[in-house]
Structures are given as C-alpha cells and as structure tokens.
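Worksheet for the structure shown next.
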Amino acid sequence: MRMQTFLTHRYGWPSIGLLGLLASACSGAIERGKATDCADCPGKVWEGPNGLGGNSAAGPNGPGPAAGPSTIPGANGPAPIDPVTGEPAVEGIAWTTRFPRLSHEQWENSVRDLLRLPERPGLAATFSTDPDDSRFDNFGERIVSSNLWADYQRAAESVATDVARDPQKLARIRPAGTSSDARAFVSELARRAFRRPLETGEVDALAALFAQGPMLIEGTDAYAAGAELVIQSLLQSVHFLYRVESSTALKDGKIWLGSYELASRLSYALWNSMPSDELLAAAEADELSTQQGVEQWTRKMLGDPRAEDTLVAFHAQLLNVAEYGTVAKNATLFPTFTAALEPVIQEEARAFVREVSVVEGGGIESLLTSPFTFVNATTAKFYGVSGTFGTELQKVQLDPKQRAGVLTQIGFLSKYGSQTQSNPILRGVHVSLDFLCSSLPAPPPDIPPVPELKANQTNRERFAELTKNAPCSSCHETLINPLGFAFENYDAVGKWRDTDNSKPVNASAEYTLDGTKVSYSNAVELSQLLATSPTVHRCYSDRWLEYALGRPPVDAESGSVAKLAQVSAQSTAKLQDLLSMVTALETFRARTEEDAP
Amino acid sequence: MKHVRIPRRMFLRAAGAAGATAVVGLPLLESLGTGQLPWFEALGPSRAKAQGAPSNKYAVFMRQGNGVVQSNFWPSAAGALTAASLQRDAEMSDRTVGILAPYAEKLNVVYGLKYNYSTTGCGHADGCLQCMTSAAPDGNNSNESLALGPSIDWVISQQLDAMGTEPVSLYAGNKDSYLGDVILYRGSKMRRAGERDPMNAYMRLFGMQTTPTMPGPGDVEAQRIALRRKSVNDVVRAQMMAVLGRPELSGADKKRLDAHFSAIRDMEAQVTSGCQVTPLGTFSASNVDDVVRVHSDMLALAMSCGKSHVGTLCIGNGNDQTQYTIDGKVYERYHHISHRVRSDGSSGEEIPDAEALHHNIDKKFAGYFKYLLDKLSAITTPTGTLLDDGVAVWLNDLSDGPPHGSRNLPWVLAGGAGGALKTGQYVRGDWTINRIHNTIGAAVGAKNAAGGPLDDFGDDGYPKGHVDGLLV
C-alpha cells in the first residue's frame with residue numbers, strides 16, 4: 001500500500017509526504033497529466049502520478065527518434081550485422097535504475113557548479129569508499145550507507161556555512177534584484193540543484209525552512225541564515241544526490257526521457273557534472289526533444305573544456321592507469337625504476353590520452369597506433385629517446401618501428417612484467433580482456449611452477465615449453481601466448497630489446513582475430529591489426545556505452561553496440577562522432593517499462 | 001489494505017528522536033493508531049535489539065590473504081597453550097604463532113576449519129567471499145563471484161550497535177583491480193569497502209567529539225546544531241518519503257533508497273563515558289606497516305569508546321599483491337611468493353626460497369596481530385583489559401600458498417569476550433567455517449532467530465553449531 005494513495009484515499013490530501021505536509025501549508029491537489037500552478041513553468045504538462053519530477057514539455061507521448069540523415073559518419077548506411085544475433089543490428093533498450101547516485105567525483109563537480117565556486121570543495125576525498133565492483137567510478141546503482149549519509153551531512157553543513165556566511169559567495173547564487181525574497185532564492189537554487197523546475201509544494205517546504213534561519217543560526221543576517229539552511233537541505237536531498245528519472249508515459253513500449261532528465265544524462269555523461277544554465281534553458285525550451293537537438297548539444301558540450309577531464313577519466317579507467325608504475329622492479333637490473341616513477345608514468349598516460357582524445361579527437365585506433373608519448377629525463381631512457389629532458393614531462397615522437405600506442409608504453413608494459421622479466425601471460429591476457437572484451441576462463445588450480453630460465457633459452461621459449469601440453473595448451477597456445485609473445489621486445493620495464501638471454505628476440509606470432517588468422521612480427525604490427533579490428537572497435541564502443549549509461553550494457557543492447565562499433569570503425573570518424581552516436585541511441589534517451597529486478 | 005504492525009520503538013528510532021523534543025507530526029501519527037505505518041514496511045525486517053544493559057563486548061577481525069606456510073604455522077601440540085610452550089615453539093621450530101607467546105593464555109588457536117563451497121574460478125575469490133560470510137557463492141565462476149549473504153561483522157553490528165552505526169571497517173595494503181576489497185558484505189551480493197585513509201576513518205569516528213551529540217544543559221551551540229539538523233532532516237525525509245511512495249519504483253530501486261532513508265538520523269550515538277580520544281599518530285599512507293599500525297590504534301580506540309561493537313582490518317587486496325618490506329628488503333608481490341613463482345597464475349620463474357619468504361610474511365602478520373593485542377591490552381577496564389572484554393581475530397581466507405586450499409584455514413582468536421570463551425588452548429578438529437563465525441558471534445552476544453546464542457549464521461546448507469570447546 002503506497003503512502004500517497006493511503007492518504008489521498010482516507011484524507012484527500014496531496015501526496016507530498018506526511019512530514020513535508022506538516023512542515024508546509026496544504027497546497028492543493030496535484031493531478032496527473034494536468035498543468036499545475038508550478039511557479040517556474042506555466043503551461044507545462046507534467047508526467048508521473050504525483051506530478052513530481054522533471055519530464056518532457058512535449059506532452060505525455062514524449063519524443064521519438066527523429067527522421068532525417070545524421071551527420072555522424074557511418075550512421076546513415078545499412079544497419080551493421082550484430083555479431084551476437086547474426087542479423088542486421090536492431091537497437092534495444094534495457095531496465096535502468098531511476099535513481100543513479102552521484103559518484104564522489106560527480107558530487108564534487110556538482111557542488112562546485114551549483115554554488116558557482118571557483119574550485120571544487122575537496123570534501124569527497126573524505127567520503128566513505130564505494131566498493132570496487134564496477135569498471136567505472138560512475139556506476140549508478142550505489143547505496144547511501146549510514147557512514148556515507150553522515151559524510152554527506154557533514155559536507156553539506158561545511159559547504160553551506162562556507163557559502164552563506166561569505167557575502168561574495170552568497171551573492172553569486174542570489175537571484176538578481178530580489179533583495180530578500182526567500183521564494184525567489186529557493187526556486188532558483190533548488191531548480192538547479194534538482195536539475196528541474198520545482199512543484200509549488202516543494203518550494204513551500206524549502207521557503208518554510210528558510211524562514212527558520214534566524215531562530216536556528218545566530219551571528220548572521222536572516223537571509224544568510226535562511227540560505228545556509230536551504231543549502232544544507234538541498235545538498236542532502238534525494239533529488240540532488242540521485243539523478244532522478246521519473247517519466248512514466250509509454251509510447252510504443254518505451255518510456256522516453258523528458259528534457260530535464262536528458263539534460264542530466266548528457267551533462268553527467270560528458271561533463272561529469274550538473275547541467276549548465278544554458279543546458280537547463282535548452283531543456284526548458286524543448287531543444288532536447290529531438291534526436292538532432294541532442295546531437296547538436298552533444299557536440300557543443302564536447303567542445304567545452306568541461307568535457308576534457310571526462311574524456312581523460314574514461315580512458316584512464318579503461319586502461320587502469322591508477323595501477324601503472326605500482327610493480328616494483330629489481331633494483332640491480334633497473335636502478336632508476338623506483339617508486340618515485342609511479343606518478344610520472346601515470347601522468348604520462350593521462351597526457352597521452354588527453355593528446356589523443358581531446359586535442360586530436362582520436363578514438364581507439366589512435367590510442368593503439370600513435371607513436372608519441374610524454375617523457376622526462378628518467379623515462380626517456382626507457383624509450384631510448386635522445387635529448388635533454390628535465391623532471392617535467394615533454395611530448396616526444398617515438399621510433400614508429402618500435403612504438404605504437406598504449407600497448408607499447410611503459411605503463412602497460414611495466415605493470416604486466418615481473419621484477420626482472422617481461423610477462424607474456426599477463427600482457428596477452430590484458431590485451432584479450434581489455435581490448436577484445438573477451439571472457440577468458442580463470443586458470444585451473446594446481447599448475448606446476450615454471451622452471452628457471454635455462455642458459456640457451458629465451459623467456460618466450462620457456463613459456464612456450466611450459467604451456468604446450470594439455471590442459472594448458474587449449475587456452476595458452478591460441479588465446480593468450482600469441483598476443484603476449486608480441487611484446488617480448490620489451491623487457492620488465494618496457495625498454496626495447498633485440499636480444500633476451502643472449503638470443504635474438506622472436507616476437508612474431510599468429511592469432512585468430514575476427515575469425516581470420518593474422519600474423520605479425522611484433523607488437524607494433526599487432527597494435528595496427530588491433531586498431532582496425534571490428535572486435536576491438538566493438539569492445540571500445542561497449543565500454544563507452546557503459547560509461548555513458550552508468551551501468552554495463554546488456555544483451556538486449558547488442559544491436560546498439562553494433563551501431564556504435566560501425567561509427568567507431570569509420571576512418572573519418574572522430575571521437576566526438578562516436579559519442580554523438582552514443583547519445584543518439586534509443587537506450588540513451590529511453591527506458592523500458594518497469595518492472596525491475 | 002494491509003497494515004504492518006511496526007513497533008512504536010522502531011518508528012521513533014527511525015525518526016531518530018527518541019527522548020528528544022517532540023517529533024513534528026507524532027501526535028498525528030498517534031491518531032492514526034500506533035504502529036499503523038504502512039510505509040515503514042519499506043524498512044525491512046531487523047532483529048529487535050537486546051534490551052538490558054549496554055554491552056562492552058566486541059569483535060575485531062584482522063585478515064591476511066594468500067594462505068600460510070602450514071608446516072610451521074601452528075603450535076607443536078594440541079591442548080593447553082602457555083607462554084613457555086609457545087616460546088619453545090618459536091625458538092625450536094620457528095613456528096609463526098610462537099610470536100604470540102606473551103598472549104598464550106588468552107588465545108584460541110583453531111585448526112580444522114573448512115569451506116563447503118567453491119566455484120571453478122579463482123581460489124582467492126572463493127576464499128574471500130566465504131571467509132567472513134559462510135555464504136554460498138552466486139554461481140559466477142570467475143573473480144567476480146559474490147557471496148549470497150552478509151558478513152559476520154555486519155550481522156554483529158546490526159544486532160548490537162545503535163541504529164545508523166556501521167562496523168568500523170578499515171583497509172591497508174595495495175589496491176588492485178583484479179580482486180579488490182572483497183571480504184565484507186552488507187547483504188547478498190552487496191559488498192562494503194573498508195576505509196583506506198586513516199585520517200578519514202579517524203574523522204568519521206572521532207571528528208565529532210568537539211560537538212557533543214547529546215547536548216547538555218547550557219550547551220547552546222550544540223543544541224542549536226541539533227535543532228538545525230532536525231529541521232533540515234525533516235525536509236529531506238519528507239522528500240525521500242514522497243519518492244518512496246511512487247508506484248513506478250522498482251523493487252531494486254526501493255531497496256537502495258530504503259537503505260538511504262534508514263540512514264537519516266537526528267542524533268548521533270552518544271560516546272561512552274571514560275573514552276580517551278588520543279590524536280591520530282603520524283604515518284605515511286604509502287607505507288603499509290604505518291597504515292596497519294594506525295588502523296590498529298584506531299580499532300582499539302573505537303572499541304574502547306563504544307563506537308561500534310565490531311571492527312575489521314583487511315590487509316591487502318583479494319590476492320594480496322602488496323610488496324612487504326622485511327628486514328629492510330622489499331619483497332616481491334606477496335601473491336607471487338604464495339605461488340612460489342613470479343606470476344599470478346603459475347607460469348613464471350621460480351622465486352628462490354619462496355616458502356621461507358612466505359613464512360617471513362606470516363611472521364610479519366603475527367607481528368601485526370600482536371601489536372593489535374598490545375593496544376587492546378593497554379586499555380584497562382574495571383575487570384581487566386579491553387582485550388578481556390572482547391575477541392580479536394586473525395584469519396586468513398586461504399589455507400596455504402600452493403595450492404590455495406580451503407581446509408585447515410588459519411584462525412587465531414585472542415580474548416575471552418567477557419568470560420564467554422575459554423582461552424589458552426590449541427584445538428584441532430573438523431568444522432565448517434560457519435561454526436567459528438557462530439562461536440564469535442555468540443561469544444559477543446549475538447542471537448539466532450529464536451533468541452538463543454547465535455548458531456545459524458551463513459548459508460542454510462551448513463549444519464548449525466559452534467566450534468567444540470570454545471564457548472563456556
């Protein structure tokens with residue numbers, strides 16, 4: 001039995017919550033589908049049974065896919081074949097939570113933007129850690145535990161005090177020309193905090209809280225006291241902490257998101273933060289109710305500096321940059337590869353992905369083939385780059401016969417190397433898992449140890465010898481070793497070598513890629529093959545969709561992923577094109593009917 | 001229209017205002033009829049907290065991964081343990097537990113614990129998801145398998161702690177994406193993470209000490225803060241309740257929001273009188289020894305101050321890849337040492353003297369545990385030391401290096417749990433893992449579904465009961 005039905009039935013009261021009801025005046029019935037006396041948006045039609053929540057201004061039928069050609073390369077041709085079904089790809093949609101919780105990063109950015117602070121508050125670093133059970137930090141189905149709730153409360157109070165008691169900071173969020181109008185302050189700030197216009201009842205409750213300011217906060221004027229209370233409550237509200245999606249109107253078995261909901265999806269996917277004033281205004285003006293509108297806004301948002309950090313963050317998590325440089329190396333063999341290099345190597349990786357994805361607009365192909373990186377005096381030696389370098393990182397071109405993209409950089413290579421040697425198993429496994437999205441089974445237990453390197457034996461020969469018999473061979477000989485052996489030209493720290501244990505390195509192998517046997521003589525050639533592989537493009541696309549949705553894609557969305565992969569694989573496509581395709585997908589703009597897991 | 005009878009006591013706790021100034025709306029709710037609050041069925045079932053005097057009992061768990069060198073871990077003979085016998089074990093045969101000789105008479109060393117379940121995935125995943133939960137895995141045969149139930153610390157906390165308190169969960173050692181912080185669960189498939197940053201943990205536990213939470217008379221600022229929070233919470237709660245009332249809410253979303261809603265509270269739990277909060281020591285966040293030390297300090301302090309009845313310190317990720325420093329030498333990755341080869345699988349070069357290195361790591365962990373016991377023993381109580389009030393536990397989620405087995409899992413207990421446990425013994429037998437969880441839970445006062453000492457924790461497939469010879 002739902003609360004609001006209970007009350008409406010028994011007492012005929014509006015369904016805005018018992019305590020809120022008592023805290024504010026009874027404000028009259030809110031009926032389904034009717035325009036209400038909403039302070040911010042006269043004439044708008046509301047969806048949802050209790051009228052709360054952001055939704056489409058286009059009416060209960062919602063927007064549908066727009067007709068007309070797209071500007072995205074590869075998006076206009078015949079549908080690609082979905083490798084999962086074997087049929088032409090059909091886009092699908094899936095269940096997704098209506099309450100994705102802000103990640104800690106998103107909390108920081110949203111608070112900065114909401115209160116128009118010059119910098120992030122820096123409080124999320126003290127928040128309760130989320131369990132590491134997802135690939136990306138923006139996974140939406142997260143809990144607010146007791147500890148995290150207390151963290152949010154503490155942070156809300158700290159930020160509210162900081163802003164409300166500083167006249168300059170308060171002035172930035174005080175609506176112009178409204179002197180001491182509490183309702184104007186509340187409506188405007190809450191609209192941006194909740195990322196949608198407010199119900200009258202909601203404004204009432206917050207205005208009543210504002211009015212308690214002088215009684216509860218001393219030593220400051222009434223307006224500032226009221227503002228402090230309101231900021232505290234907004235930052236702890238379910239409507240701030242979660243990106244609430246409340247649209248319920250069905251059209252052809254789909255529930256299309258309303259404009260404000262779309263604005264939030266766009267801004268959190270592309271900026272990792274709340275919608276800007278401009279974007280909210282666009283939502284209000286119905287600019288997001290067509291596919292073209294969404295695409296235009298996507299491109300615009302990608303051109304904004306706010307998108308840069310997001311592009312870097314996505315790739316850094318995709319490549320697990322946070323673990324680069326964490327594997328210690330033998331101090332006699334590699335005296336300069338110390339713990340101090342960890343931040344340097346991670347910064348190198350970030351600088352590289354920033355250059356590729358932000359500056360050049362490149363996607364997975366560029367990530368895998370670009371023969372440049374960023375070095376300082378220490379790391380330059382691992383790359384064999386000559387020149388004078390300081391402690392700061394500098395962009396350098398690398399020998400394209402030896403280096404091509406992330407797989408040939410010291411971050412990847414050194415992490416998947418032992419203290420003294422390269423590790424072809426780890427390198428092969430991670431190419432497979434992270435770039436081909438394959439699902440390798442776990443190794444069986446009780447595997448015998450590898451013998452010491454013999455006098456006339458290379459690392460490769462030793463591993464080949466070890467894994468040549470059943471049961472090892474079934475995975476190693478075809479799925480793991482061929483990929484890993486391509487990297488034998490790079491030692492434990494990623495430095496190029498032509499010999500290993502005094503014998504010439506053999507980095508050539510054969511691997512079945514996209515159903516065809518391909519051969520390559522080293523990691524550069526392998527990287528180039530991977531860069532144009534449909535499987536690799538599909539894997540990259542799948543990860544981007546996961547990031548944009550805040551959850552892994554499901555089987556029903558394999559057609560959607562296929563369409564993304566088609567764009568990704570276009571030689572003329574830029575990363576912006578791929579991301580424009582992401583936001584153009586039905587699954588980004590619609591949800592399935594409930595009911596859920 | 002079905003109404004669920006909710007004890008009035010629970011509603012007041014949920015509103016967080018027991019004993020304080022009147023909750024807005026309470027008179028109206030009284031007129032609706034006591035307990036007829038249908039929306040609180042959303043809160044879900046929870047066992048009624050024990051009535052009676054507050055308990056000083058607690059449990060703290062310190063977890064090591066990757067198994068131990070079995071051949072020289074255990075005491076040399078079953079039966080009574082004395083300082084002398086353990087000292088001899090240390091000197092004559094370099095046995096790991098010998099390091100705990102000063103605490104011999106307070107120990108329970110338990111040999112013979114085993115898991116019932118496994119997946120065809122990775123031994124570490126299996127061990128980690130069972131070692132604190134006695135749960136079955138979810139059927140995912142990889143490192144991503146999850147436990148189908150809560151961990152013992154969560155259950156102890158739910159029963160013994162004030163509402164809105166979580167166990168004090170701390171973490172030290174490296175991070176790794178293969179198997180991260182994976183031993184704690186708040187429910188089926190719902191992991192919890194430990195706090196890595198000692199400063200964060202300290203602030204969360206003790207940062208509020210300057211603002212007493214139950215305002216005394218004349219403490220005007222504290223009263224104002226409390227009233228402020230109450231007013232803000234009322235608005236926030238109302239918004240949440242409106243959302244929880246929506247018909248389009250799916251079961252999964254409702255569950256998540258319910259957890260959030262239950263967390264909203266007006267009053268913090270009051271601090272135990274006599275609690276001496278000491279400042280956090282200096283430490284280097286990248287030095288695992290430092291972090292283990294300050295986390296151990298904090299666990300002792302948190303138990304002493306009644307912040308929670310249970311704490312955990314997870315050292316290392318699922319397959320602990322930490323590179324420990326012993327006698328000035330930086331070791332290879334612990335996981336590799338436990339495999340005896342430079343590899344996470346078994347294809348790698350042999351590590352010379354790997355077994356001896358593993359043993360050295362075991363002894364390091366014994367040293368960590370001894371430090372924790374030292375801190376608990378340093379806090380005196382009217383009846384003895386804090387160590388006597390509770391039980392400190394050193395466990396490993398696996399049995400040995402190769403082959404990462406699941407039998408004869410290393411569990412070492414210290415402390416008599418306020419007289420509930422016999423101590424000073426090395427017991428050998430054959431018990432499923434749930435029995436040690438039940439024993440610890442029962443010793444600190446946790447109950448089973450019928451209200452007796454806890455004996456039904458974990459998967460239904462385990463026979464109920466305890467480890468023989470431990471409970472008084």
Side-chain angles (χ1 to χ4, degrees), chain A residues 1-4 6 15-20 22-23 49-50 52 97-99 126 129-133 141 143-147 149 205-206 209 212 216 229 232-233 236-239 248 320 323 328 418-419 421 425 442-443 445-453 463 466-467 594-597, chain B residues 1-2 24-25 38-39 121-123 142-143 164-166 174 177 180-181 191-193 195-196 200 203-204 224 227-228 231-232 234-243 245-248 250-253 256-257 259-260 263-264 323 330 332 340-343 345-350 403-404:
Chain A
M1 167 65 70
R2 301 294 170 180
M3 211 263 282
Q4 105 260 354
F6 164 60
S15 52
I16 54 171
L18 178 61
L19 294 175
L22 296 164
N50 53 13
L52 288 177
T97 175
R98 288 179 174 276
F99 296 88
T126 68
T129 318
D130 288 320
D132 52 357
D133 52 8
E141 293 170 44
I143 277 185
V144 175
S145 67
S146 291
N147 281 353
W149 177 83
L206 289 164
L209 180 65
Q212 294 180 56
L216 295 173
L229 286 178
Q232 277 189 29
S233 95
Q236 295 178 70
S237 172
V238 60
H239 299 288
T248 53
N320 239 315
E323 291 172 21
S418 72
Q419 280 207 356
Q421 256 288 7
I425 306 302
D446 296 359
I447 306 175
V450 170
E452 287 278 330
L453 198 59
F463 281 113
L466 178 76
T467 56
E594 274 13 86
D595 204 350
Chain B
M1 182 163 71
K2 180 174 184 286
V24 173
W39 63 90
C122 145
S142 73
N143 62 314
T165 308
E166 292 186 47
N174 76 313
S177 57
D181 183 355
R191 279 198 194 128
R192 288 178 61 244
E195 177 59 67
R196 287 193 176 127
N200 282 352
M203 287 309 295
R204 195 172 291 122
R224 231 182 236 119
L227 283 170
R228 222 177 278 164
S231 290
V232 168
D234 283 348
V235 173
V236 168
R237 260 195 294 261
Q239 291 165 350
M240 182 64 100
M241 283 165 77
V243 157
R246 294 184 187 178
E248 71 269 16
S250 67
D253 280 347
R256 253 184 338 116
L257 293 181
H260 181 163
I264 302 173
Q323 293 182 254
V330 175
E332 305 217 28
R340 312 289 186 258
V341 291
R342 289 194 175 102
S343 160
S346 351
S347 44
E349 344 160 19
E350 228 173 275
H404 283 356

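Values below: all heavy atoms of this structure, side chains included; hydrogens, waters and symmetry mates excluded. Every chain is numbered from 1 and lettered A, B, ... according to where its sequence line falls, protein lines coming before strand lines.
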Checklist entry - Which atoms of A/Leu229 come close to chain B, meaning under 4.5 Å heavy atom to heavy atom: side chain ones, backbone ones, both, or neither? => result both

Checklist entry - By side chain to side chain contact (heavy atoms under 4.5 Å, CB included), which residues pair with A/Thr97, not counting sequence neighbours? => result A/Trp95, A/Phe99, A/Pro100, A/Glu141, B/Asp253, B/Arg256

Checklist outcome for this item: Residues A/Leu216 and B/Ser231: closest non-hydrogen pair is CD1-OG, 3.6 Å

Checklist entry - Are B/Glu248 and A/Thr248 close enough that a side-chain donor and a side-chain acceptor fall under 3.5 Å? => result no

Checklist entry - For the side chain of B/Gln239 and the backbone of A/Ser237, is there at least one donor-acceptor N/O pair under 3.5 Å apart? => result no

Next on the checklist: As an exercise, state the distance from CG of A/Asp133 to CZ of B/Arg191, rounded to the nearest 0.5 Å.
Outcome noted: 6.0 Å

Item to check | Student check: side-chain heavy atoms of B/Met203 and A/Thr126 closer than 4.5 Å | outcome: no

Next on the checklist: Within this structure, what is the CD1-NE2 distance for the pair A/Ile143 and B/His260, rounded to the nearest 0.5 Å?
Outcome noted: 11.0 Å

Item to check | Interatomic spacing from CG in A/Asp130 to CG in B/Asp181 - rounded to 0.5 Å | outcome: 11.5 Å

Item to check | B/Val232 versus A/Gln236, closest heavy-atom pair with distance | outcome: CG1-NE2, 3.8 Å

Next on the checklist: Nearest 0.5 Å, please: how far is CD in A/Gln232 from CZ in B/Arg228?
Outcome noted: 7.0 Å

Checklist entry - Can you tell me how far CG of B/Asn174 sits from CD of A/Glu323, rounded to the nearest 0.5 angstrom? => result 8.5 Å

Checklist outcome for this item: Whatever's closer than 4.5 Å to a heavy atom in chain A on B/Gln323 counts as side chain

Next on the checklist: In the structure I gave you, are the side-chain heavy atoms of B/Arg192 and A/Ser145 within less than 4.5 Å of one another anywhere?
Outcome noted: no

Checklist entry - Stepwise, does the side chain to side chain contact (heavy atoms under 4.5 Å, CB included) test hold for B/Leu227 with A/Gln212? => result CA-CA 10 Å; B/Leu227 283 170; A/Gln212 294 180 56; over 6 Å; no

Next on the checklist: Test of understanding: with side chain to side chain contact (heavy atoms under 4.5 Å, CB included), list the residues that count as partners of B/Ala263, not counting sequence neighbours.
Outcome noted: A/Ser146, A/Trp149, B/Arg265

